[in-house]
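Numbered from 1 within each chain, the chains take letters A, B, ... in sequence-line order. Just so you know, these numbers use all the heavy atoms, side chains as well, and skip hydrogens, waters and symmetry mates.
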Number of protein chains: 2
Amino acid sequence: MSDPTVRALRLLSLLQTHQFWSGPELAERLSVSQRTLRRDFDRLRELGYRISAAPGVTGGYRLEASSALPPLLVDEDEAVAIAVGLRTAALHGLTDGEQTSLRALAKLEQVLPRNLRRRVNALQTHTMPAAWGEQPRVAADVLAQLALACRDQERVRFRYTARTGEESSRLVEPHSLVPQGHRWYLIAWDITRDDWRLFRIDRLEDLRRTGVRAQPRQLPTEDAAQFLNSALSATSDRYEMLLRLYMDRDRFEARFRHWGRGAFESQKGVMDWNIQGSTPEELLAYLFWLPEDVEWELHSDDPEVRSAAMRFRDRLDRAFQD
Amino acid sequence: MSDPTVRALRLLSLLQTHQFWSGPELAERLSVSQRTLRRDFDRLRELGYRISAAPGVTGGYRLEASSALPPLLVDEDEAVAIAVGLRTAALHGLTDGEQTSLRALAKLEQVLPRNLRRRVNALQTHTMPAAWGEQPRVAADVLAQLALACRDQERVRFRYTARTGEESSRLVEPHSLVPQGHRWYLIAWDITRDDWRLFRIDRLEDLRRTGVRAQPRQLPTEDAAQFLNSALSATSDRYEMLLRLYMDRDRFEARFRHWGRGAFESQKGVMDWNIQGSTPEELLAYLFWLPEDVEWELHSDDPEVRSAAMRFRDRLDRAFQD
DNA sequence: GTCATGCGGTCAGATCCTGTCCGCATGGTC
DNA sequence: GACCATGCGGACAGGATCTGACCGCATGAC
């Protein structure tokens with residue numbers, strides 16, 4: 001315990017679990033003299049951490065907010081909580097550039113012991129689903145692993161079920177993860193096909209990291225979003241509908257962030273949002289995300305979408321029939 | 001840069017941003033010889049971090065998952081992402097004991113620079129709301145601050161709007177935060193009233209920490225949940241309805257976790273859930289969380305609840321009228 | 001085989017870290 | 001206002017450490 005490095009870490013850790021600590025108490029815990037403790041604090045302060053101290057019986061040391069973020073020392077439970085939070089945030093696109101949560105997640109996943117990862121997965125599947133129709137629910141763990149692989153250009157292997165239902169085994173070099181309308185896609189260089197491919201991550205199973213690093217490759221398009229768009233326009237999902245929202249672009253964007261990428265302002269104050277999905281319920285689930293004070297219209301020629309909507313309406317109706 | 005402590009931290013940080021690093025590269029970045037670098041790795045390994053290394057041109061150093069979680073070194077964006085994730089997780093009760101996210105959150109909030117906290121708040125309010133009727137949306141930041149205060153028994157001040165609409169200014173010693181049916185409550189010792197009080201955190205404004213530590217106090221009940229129940233049963237919310245779900249207790253619990261605390265199994269395979277809220281929309285929002293394959297019934301004598309439901313039904317109806 | 005890389009031993013000199021001793025300042029309490 | 005617990009920082013000396021330089025060796029990819 002007499003190594004200054006260890007002490008520095010333990011000190012930061014202790015300061016993070018309680019706000020206030022008295023000198024004698026800390027000195028005793030670390031088995032050093034109080035003088036040395038003070039010197040340790042000096043060192044930390046030099047490193048940019050703001051540690052304030054107050055004399056007197058209610059005083060003590062305390063780590064304050066400063067510009068430098070101290071290393072976060074978390075225990076296992078907390079790590080699990082953070083991982084779950086980040087995965088959820090990434091899945092639902094809560095942060096700025098969605099890539100940020102992924103980056104943080106990659107850091108954590110890299111060092112998350114296997115048993116903790118299992119706990120995270122277990123928790124995640126018990127999570128409230130995003131909305132009514134059970135929804136993707138997939139692949140938060142896959143997302144996390146892929147984020148890590150993208151960051152490190154590490155080749156991965158997985159089984160993939162194409163839209164046609166055809167299964168295949170893939171070996172790819174992940175390039176990036178891109179969200180699009182409630183879904184995540186992986187853009188990767190498919191090694192056996194020797195070409196760029198797009199994968200829906202909820203169709204991806206049995207992901208394995210290979211441990212092999214690859215050279216970075218240049219995407220054929222300017223950026224990942226562009227690639228996604230061109231690749232997506234070539235295919236199409238089974239169900240679709242047009243949702244017209246009477247709100248202006250700014251508000252729409254503040255509200256829907258990257259989920260709303262496919263939408264455009266057809267007239268001033270009117271956003272047209274073309275929504276695709278593989279089940280009718282998935283489409284309808286969008287409706288529950290709409291703010292209450294926004295007028296909307298729905299257009300769909302598909303009788304199945306229509307009947308799913310009517311089913312829910314009837315259910316509501318029946319509930320109040322009594 | 002020649003301080004071993006600094007180097008240890010920077011090394012951990014670097015190892016977290018990329019998976020692989022070559023020795024010469026690291027040595028150059030840290031301005032030390034490769035020999036010293038190796039000694040640094042030895043030290044880290046002694047501290048329990050598993051750092052593997054491979055020779056050869058594709059080799060390099062790499063931080064692996066081990067039982068000891070290394071200190072998480074995050075940049076500003078990542079800290080924001082983590083904070084948002086944790087707040088969301090806490091608000092929605094995604095983790096084990098919901099207290100875990102709060103604990104992790106407290107650690108982070110304690111050191112989160114003010115400008116970052118602002119960003120977190122900004123993001124949080126742009127988040128997808130929990131459901132249709134705009135809902136609580138409150139107070140993720142308040143929750144975070146209170147978690148910190150509870151941990152440290154730090155007195156706080158705030159303005160509180162009672163259910164009667166009466167405003168008052170409070171000075172309390174926070175004891176614990178307890179979630180209950182989509183809401184969070186603060187249990188605290190009210191200093192001016194000289195008694196235990198229960199506060200709904202979405203009614204709490206203008207929270208200020210005082211920096212004054214208090215002595216821990218003994219709750220009058222065995223635990224916080226009990227206190228909450230007895231305090232809540234004394235009051236009641238404006239609107240209420242009974243939701244009857246045809247699912248068994250296990251499934252219910254796996255699904256709703258602590259949100260469903262008020263529910264009980266009235267017959268085998270039937271859960272009765274009494275839901276309160278301050279607006280009719282808030283009640284209805286619960287419906288959208290129900291799994292699609294579960295049958296439910298609703299009972300409410302309240303005409304307002306009924307008409308809110310009908311309003312949404314009509315909206316759906318109208319949408320498919322075309 | 002060749003190359004880039006990681007590993008660990010040894011040495012000497014410079015650097016640091018630590019505990020002890022000191023007097024001082026500050027905040028809360030009686 | 002006195003008292004106590006606490007935090008602060010200078011000085012010092014002995015011991016522990018850290019570092020760079022040098023070495024030969026092992027390993028993995030091409």
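- Here the side chain of Tyr49(B) pairs no donor or acceptor atom with the backbone of Phe41(B) at under 3.5 angstrom.
- Going from atom CD of Glu25(A) over to atom P of dT6(D) covers 10 Å, rounded to whole Å.
- Mapped onto DNA chain D by nearest heavy atom, Arg38(A) and Pro55(A) fall at different nucleotides, with Pro55(A) at the one closer to the 5' end.
- Across the protein-nucleic acid pair, Leu37(A) atom CG and dT6(D) atom C1' stand 12 Å apart, rounded to whole Å.
- Inspection of the Arg29(B) and Ser31(B) side chains reveals no N or O donor paired with an N or O acceptor under 3.5 Å.
- Five base pairs at each end of the helix from dG1(C)-dC30(D) to dC30(C)-dG1(D) define two local axes, and these are offset by 60° (rounded to 10°).
- At dG19(C), one or more side-chain N or O atoms of Thr36(A) fall inside 4.0 Å of OP1 or OP2 (strictly under the cut-off).
- Here Trp189(A) pairs with Trp196(A) under the ring pair (Phe, Tyr, Trp, His ring centres under 6.0 Å) rule; sequence neighbours left out.
- Salt bridge absent: Lys107(B) and Glu109(B) never bring a charged side-chain N and a carboxylate O closer than 4.0 Å.
- A salt bridge does not link Arg193(B) to Asp195(B): none of the charged nitrogens lies less than 4.0 Å from a carboxylate oxygen.
- Under 3.5 Å, the side chain of Arg35(B) and the base of dG6(C) form no donor-acceptor pair of N or O atoms.
- If Ala54(A) and Ser33(A) are placed on DNA chain C by their nearest nucleotide, the residue sitting closer to the 5' end is Ser33(A).
- Between the CZ atom of Phe41(B) and the P atom of dT19(D) there is a distance of 14 Å, given to the nearest Å.
- You'll find that the side chain of Arg43(B) is closest to dC18(D), out of dG7(D), dC18(D), dG19(C).
- Separating the CG atom of Asp40(B) from the P atom of dT19(D) is a distance of 6 Å, rounded to the nearest angstrom.
- The side chain of Pro24(A) lies closest to dT6(D), out of dT19(D), dC17(C), dT6(D).
- The interatomic distance linking Arg7(B) (CZ) with dG20(D) (C1') rounds to 12 Å, in whole Å.
- Between Asp206(A) and Arg157(A) no salt bridge is recorded (no basic side-chain N to carboxylate O distance below 4.0 Å).
- Per the geometry, CZ belonging to Phe20(A) stands 15 Å off P belonging to dT6(D), to the nearest Å.
- Residue-level contact check: Arg62(A) touches neither bases nor backbone, having no heavy atom under 4.0 Å from any strand.
- Taking atom CD of residue Gln34(B) and atom C1' of nucleotide dG9(C), one finds them 17 Å apart after rounding to whole Å.
- Between the CD1 atom of Ile51(A) and the P atom of dC8(D) there is a distance of 10 Å, given to the nearest Å.
- Comparing Arg39(A) and Ala53(A), the nucleotide of DNA chain D nearest to each residue sits closer to the 5' end for Ala53(A).
- In this structure, Gln16(A) contributes its side chain and Pro71(A) its backbone to a donor-acceptor pair below 3.5 Å.
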